[in-house]
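Whatever order the structure lists them in is the order used to number ligands and atoms, beginning at 1.
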Amino acid sequence: MTAGGGGGGLSVSSAPEIDHSKFGEVELLPLSRIKKISGAHLHRSWVTVPHVTQFDEADITELEKFRKSLAKEAEKKALRLTPLIFLMKAVVSALREYPDFNASLDASGENLVMKKYFHIGIAVDTPNGLVVPVVRNVDQKGLFELAAELGELSLRARDGKLSPGEMQGGCFTISSLGGIGGTYFTPIVNAPEVAILGVSRAKMQPVYNGAEFEPRLMLPLGLSYDHRVIDGAQAARFTNFLSQVISDIRRVLL
Ligand code: CAO
């Protein structure tokens, strides 16, 4: 079996052609160029990568205090320090702790290519569809530097001005719908990466501390992974570790 997974031998009958205009008024709109390209890539990942999604949640009450304490400084630099910037650093800590998540299967499907660098792809919603620019060497950058880079990349992504090279070479992707809403979702692995983190909107929740319920800001996480490379236990350990780091962001320094 090949890893990159050409889907060899996979055969499904084609969907019947339906004339929707028989049922009411319709209009034909061509898919955008981005949707055609990303659609083919997503479809290939969906059918060739055996997906499982592990859910978890992280207590970001302290992180939010820290983030707010930096807000003025960020504003002076004309930067937006969103929770996503902190998550990028926390993900690097988890990738260091669990290097199998920072790997790809080679073409034979018999070896793992272990990456010694930390390039994180960020899913960006644009008017023409989804693109995933890659922020390089996240381990070597500070929060403000990451905020500046992500701000600049997502602006250019929305203007359709990213070069193909800026969307290549990622190790792990984060897809954040936290600015929009929803509880949990199951992202599709951005192959040849082996895992992707889906982040949803944080919500204040009553959390039992052993004596009483306390209001805590909880962040929902969904980690989809390639089950050929990652076992369920490893995935649960990864999200557990990640949520500990996010809950006490000082841990990225360890
Ligand atoms: N919980 C609560 N609030 C959150 C949050 C979360 N998890 N994540 C972001 N927010 C807040 C931000 O702090 C910001 O608030 P302020 O305006 O008060 O500062 C607001 O929501 C909007 O954030 P944002 O979405 O503009 O910024 P971001 O850094 O979180 O994300 C980007 C940047 C480019 C990733 C995002 O704009 C985007 O395109 N997201 C969509 C990605 C997507 O489509 N994924 C689906 C792919 S399918 O797999």
Query raised in the report: Do the rings of Y98 and F241 sit parallel, tilted or perpendicular, given the 30° and 60° boundaries?
Result: perpendicular
Query - E62 with K65: basic N within carboxylate O range, under 4.0 Å - result: yes
Report task. Quickly, which of R136, R156, K161 forms a salt bridge (Lys or Arg N to Asp or Glu O under 4.0 Å) with E166? Name it, please. Result -> R156
Every pair of nitrogen or oxygen atoms between ligand 1 and the protein that is under 3.5 angstrom apart - can you list them with their distances to 0.1 Å?
from, atom 1, to, atom 2, distance (Å)
ligand 1, 1 (N), A202, N, 2.8
ligand 1, 7 (N), S200, O, 2.9
ligand 1, 23 (O), R80, NH2, 3.4
ligand 1, 26 (O), R80, NH2, 3.0
ligand 1, 29 (O), T82, OG1, 2.6
ligand 1, 37 (O), R158, NH2, 2.9
ligand 1, 39 (O), D125, N, 2.8
ligand 1, 39 (O), R158, NH2, 2.9
ligand 1, 40 (N), S176, O, 3.1
ligand 1, 45 (N), S175, OG, 2.9

Requested in this report: With sequence neighbours left out, write down each residue that passes side-chain hydrogen bond (donor to acceptor under 3.5 Å, both in side chains) with S21, or none if nothing qualifies.
Outcome: D19
Requested in this report: First locate atom CD of Q234, then atom CZ of F101, and finally report the distance between them rounded to the nearest 0.5 Å.
Outcome: 5.0 Å
Query raised in the report: With no hydrogens and no angle check, do the side chains of T239 and D56 hold a donor and an acceptor under 3.5 Å apart?
Result: yes
